[in-house]
Amino acid sequence: MKVLVAVKRVVDYNVKVRAKADGSDVDLNNVKMAINPFCEIAVEEAVRLKEAGTATEVVAVSIGDKACQEQIRTALALGADRGIQVETEGAVEPLVVAKLLKGVVEKEEPQLVILGKQSIDGDNNQTGQMLGALAGMPQGTFASEVVIDGDKVNVTREVDGGLQTVALNLPAIVTTDLRLNEPRYASLPNIMKAKKKPLDVFSPADLGVDVTTHLTQVSVEPPAERQAGIKVEDVDQLLDKLKNEAKVI
Amino acid sequence: MPAPLLDRRDLEFMLYELFDVEQCLSRERYSDHNRETIDAALDVSQAIAEKYFLPYRQKVDTHQPTFDGEKVQMIPEIQQALDAVIEAGLASPGADYELGGMQLPALATSAVFAYLNAAGSTTMGYIGLTNANANLIEAHGSEEQIRTWVEPQRTGRFAGTMAMSEPGAGSSLADLTTSAVPQADGTYRITGNKIWISGGDHELSENIVHLVLARVKGAPKGVKGISLFIVPKFLVNEDGSLGARNDVQLAGLFHKMGGRGQTSTALNFGEKDGAVGYLVGEENRGLMYMFHMMNEARIMVGTMAATTALCGYQYSLDYAKERPQGRLPSSKDPLSPPVNIIEHADVKRMLLAQKAYAEGAYALCLLGTQLADDERTAPTEAERATAHELLDFLTPIIKSWPSEYGPKANYYAIQVLGGSGYVNEHPVELMYRDNRLNPIHEGTTGIQSLDLLARKVPQNKLAGYRACLQAIGETISRAQQVAELSAFAGELQASVDTLNSTTEFLLGSMLEQDIDLVLANSVKYLDMFGHVVIAWMWLKQAIVAAEALANSPHDADAAFYRGKLQAMRYFFRYELPETEVWAQLLRRLDDTCLGMHNDWF
């Protein structure tokens with residue numbers, strides 16, 4: 001069974017992000033980048049399937065400029081067998097990502113596609129679902145457990161009311177939630193070996209996908225800074241302020 | 001969020017901006033590496049440090065190893081942490097591929113170890129010693145010895161020690177009595193007692209390889225009659241499997257003030273019929289070989305001290321930013337909210353002192369690491385020789401300055417936390433205790449000062465000394481070109497001039513005066529030279545920072561570079577002037593200490 005894993009290059013979760021001075025975007029200048037944490041969980045799950053003998057090959061795919069090869073190599077160091085980069089410029093919206101991934105799915109014909117449920121930069125939570133619709137594959141999103149059972153995969157989903165388990169026919173799509181697994185770190189020898197694993201580069205044209213964007217980012221601004229508190233004289237004043245200033249009661 | 005173990009931005013500054021590790025990647029040995037692999041290696045070491053070392057730091061401290069008469073018992077977390085390091089390929093990342101390493105450049109290896117040491121220096125002590133042991137055998141052992149003992153140490157199957165001190169011979173190796181008797185089969189039988197042997201016994205590895213100093217029967221007296229032997233805990237069969245237990249017995253464990261994860265042992269060699277030992281190199285040249293390991297261990301000790309200082313600095317800085325207490329002297333309103341203690345000028349002083357000591361010391365240790373690498377892998381013979389000369393000269397300073405000022409930085413870390421720093425709910429008291437060993441082992445500060453003044457300065461017609469002053473002079477010249485640094489460059493030049501004239505005076509005095517008197521204040525000479533060298537490290541950092549600031553970096557980076565400039569200024573204002581006082585003592589050949597009568601105490 002072949003597993004395709006999508007990985008995204010994002011700002012490292014430890015970085016305190018800043019908006020650019022002109023408010024046009026997040027300032028990525030000189031900022032530490034890393035593999036999206038949910039994608040890391042996706043890689044881990046795929047590698048575990050391979051270690052268990054369920055999967056035979058794990059292919060890591062990323063979409064972006066050349067820099068995203070670094071995150072593909074991270075996935076390779078964690079245990080993926082080969083990488084695919086779809087080379088794009090600038091920001092790509094979830095729908096375009098889903099279309100490009102559909103192109104890769106058609107090329108690779110994986111039995112299972114594992115994605116993070118969302119990326120920590122865009123927080124859209126759309127790509128996996130859109131890919132499901134475009135590729136006509138069943139989806140199990142927010143997975144906290146994935147069990148392959150013959151030609152089916154049982155996915156336990158974290159939903160508002162608790163846990164829901166769905167059985168999907170393969171080939172299928174799974175998006176990962178935080179509790180699915182705890183990703184390993186790559187060992188130094190594996191980091192070195194990853195550099196020698198195959199990594200193919202495709203253009204969107206190779207996959208026949210139009211990358212025209214339909215979204216325009218208007219502005220990016222930091223949340224308002226919290227104002228200092230004041231000391232009220234008595235309970236009446238407190239009530240008055242809650243009613244008339246804060247308007248919460 | 002807990003305090004960071006280390007400031008990653010600062011590590012990257014040191015690696016990529018100050019010492020430019022990428023420059024050495026053009027060497028054949030390092031051609032597989034680039035910034036991406038080095039960053040990834042740092043990520044792995046940080047992850048292991050935070051997962052396997054940090055959560056058990058206090059448990060390691062409060063559960064010392066014990067000896068039940070047969071085996072050493074210790075908490076299982078130590079083994080787990082070591083296994084994690086070994087499995088991640090970080091036990092000896094700098095070693096050759098063929099011997100189980102990853103040929104990571106030495107600077108990067110040092111930074112990788114920095115995370116692990118910051119979270120678990122005493123556990124990492126096993127790995128540090130093992131590497132130093134393997135390096136010695138690789139440099140001076142026979143092919144068969146390298147095959148038998150090096151590879152298993154690189155891959156973490158075996159551990160290594162250095163066994164020098166004896167009950168009657170600690171710092172004075174000339175007096176050691178452990179004996180070696182040659183056998184018909186070419187091996188030796190070793191008999192004697194060794195003490196303070198770090199990692200001398202434990203169950204963490206399949207085997208332990210002791211490097212033992214001993215005298216062959218009939219050898220000359222003093223240090224000229226010392227030979228070096230490989231004495232394993234278990235003999236090893238031709239196929240590499242373990243054989244019989246060798247006659248090396250654990251007599252007992254010492255209980256230490258700090259560094260408690262690593263056993264400190266008393267070992268008896270040859271309680272029965274003599275422990276089997278294999279001679280390294282030639283007879284009577286043991287001390288020279290041992291100094292290979294010792295010099296490396298001295299850089300390691302300095303680095304450990306500096307790293308523990310960096311870690312305490314980060315912890316107390318984080319605390320000072322969060323802890324509200326008191327008001328500024330200018331505040332008249334007792335009901336105004338208290339400020340965080342970082343607002344108090346004296347707390348800022350103690351944080352700046354830590355930054356100046358810790359980052360200055362760490363920069364010096366990385367310089368030593370870079371020189372040790374250049375000495376082996378620089379492209380030309382001339383470059384290798386220059387690196388060797390400078391490193392050999394600087395070693396006593398690299399060993400002792402961080403060891404003296406690292407604990408001092410931890411002292412201030414405790415002081416910043418106040419009462420909270422004195423109790424074990426915070427780790428700064430532990431860091432202080434761990435760090436307190438460093439001025440003692442691998443040659444005390446006093447011994448380093450004698451090595452510097454009596455040996456390293458005059459040797460080779462002052463070649464090392466001159467190379468060092470020339471290197472400092474080059475930095476001063478560069479700093480003079482930077483407007484905001486030219487005044488500091490002038491101050492360092494003045495200190496160098498004082499140092500130089502004091503050195504000339506002392507060297508002249510050695511020829512004319514009682515040598516005991518001339519060397520009586522050698523520690524003050526070491527202090528003085530150390531301060532000049534650390535001021536040099538700060539000026540080097542300041543040049544990089546000033547140049548980076550000129551390229552309008554983003555806010556966080558600008559603040560980082562301004563911090564470097566301010567710490568440099570602190571060192572020049574608060575520390576460097578002390579060299580004048582020490583110079584006066586030295587030039588007076590002050591005999592206050594030497595002339596003190598024992599019965600006046």
Side-chain angles (χ1 to χ4, degrees), chain A residues 9 11-22 25-35 37 40 43-44 62 66-79 83 182-197 199 222 226-233, chain B residues 1-2 4 8-9 11-12 16-17 30-52 83-95 97 100-104 108-109 112 115 155 333 335-337 548 551-558 560:
Chain A
R9 176 182 172 86
V11 176
D12 186 273
Y13 72 93
N14 282 311
V15 171
K16 204 174 152 194
V17 292
R18 294 174 303 265
K20 280 184 180 166
D22 64 3
D25 205 345
V26 171
D27 187 357
L28 294 183
N29 184 26
N30 234 342
V31 165
K32 184 168 159 54
M33 304 296 280
I35 190 169
E40 210 174 359
V43 175
E44 177 67 32
S62 189
K66 190 153 196 281
C68 79
Q69 288 189 2
E70 202 180 310
Q71 278 60 50
I72 297 176
R73 278 191 291 274
T74 304
L76 296 175
L78 291 169
E182 192 189 334
R184 71 194 67 190
Y185 45 78
S187 72
L188 188 53
N190 286 342
I191 290 166
M192 302 302 290
K193 276 183 210 146
K195 296 173 74 176
K196 299 197 168 81
K197 289 185 180 177
L199 199 170
R226 208 175 143 200
Q227 302 295 315
I230 56 156
K231 209 165 192 167
V232 291
E233 294 296 325
Chain B
M1 226 159 89
R8 178 70 176 253
R9 179 68 187 84
L11 266 189
E12 288 174 0
Y16 299 116
E17 298 173 70
Y30 302 132
S31 57
D32 286 345
H33 289 281
N34 53 24
R35 181 161 180 169
E36 190 182 317
T37 56
I38 295 173
D39 280 343
L42 283 175
D43 288 343
V44 182
S45 69
Q46 184 179 355
I48 292 176
E50 289 172 355
K51 186 170 175 186
Y52 291 98
D83 288 349
V85 172
I86 292 164
E87 277 161 27
L90 298 183
S92 54
Y97 289 133
M102 295 310 299
Q103 296 190 186
L104 196 64
T109 301
V112 160
Y115 268 113
T155 51
D333 178 7
L335 291 178
S336 64
N551 290 324
S552 40
H554 63 68
D555 292 355
D557 263 2
F560 173 81

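Proteins get letters first, then strands, A, B, ... in listed order; numbering begins at 1 in each.
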What part of Asp555(B) lies closer than 4.5 angstrom to a heavy atom of chain A: side chain, backbone, both or neither?
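Neither part.
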Check each atom of Asp39(B) against the heavy atoms of chain A and say whether the ones under 4.5 Å are side chain, backbone, both or neither.
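Contact with chain A: none, neither part.
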Lys32(A) with Asp43(B): basic N within carboxylate O range, under 4.0 Å
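Looking at Lys32(A) and Asp43(B), the cut-off is met.
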Do Glu36(B) and Lys195(A) make a side-chain contact, defined as non-hydrogen atoms from C-beta onward lying under 4.5 Å apart?
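The answer is no; the side chains never approach within 4.5 Å.
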Toward chain B, the part of Lys231(A) with a non-hydrogen atom under 4.5 Å
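Neither the backbone nor the side chain of Lys231(A) comes within 4.5 Å of chain B.
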Identify which part of Arg184(A) has an atom lying under 4.5 Å from any heavy atom of chain B, answering side chain, backbone, both or neither.
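For Arg184(A), there is no contact with chain B at all, as no heavy atom is under 4.5 Å.
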With a sphere of 6.0 Å drawn around OH of Tyr13(A), does it hold more than 12 non-hydrogen atoms of other residues, nucleotides or ligands?
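No - once you tally the heavy atoms of other residues, nucleotides and ligands closer than 6.0 Å, there are 12 at most.
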When the side chains of residues 185-192 of chain A are checked against the rest of the protein, which donor-acceptor pairs come out under 3.5 Å, sequence neighbours left out?
from: Ser187(A); atom 1: OG; to: Asn190(A); atom 2: N; distance (Å): 3.3
from: Ser187(A); atom 1: OG; to: Asn190(A); atom 2: ND2; distance (Å): 3.3

Distance from Gln46(B) atom CD to Asn14(A) atom CG, nearest 0.5 Å?
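Separation between the atoms: 7.0 Å.
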Measure the spacing between CG of Asp27(A) and NE2 of His554(B) and express it to the nearest 0.5 Å.
6.5 Å
Sequence neighbours left out, what passes salt bridge (Lys or Arg N to Asp or Glu O under 4.0 Å) with Arg9(A)? Give chain and number order.
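With neighbours one apart ignored, the set is Glu70(A).
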Output the option from Leu90(B), Leu335(B), Val44(B) having the highest count of non-hydrogen pairs under 4.5 Å with chain A.
Val44(B)
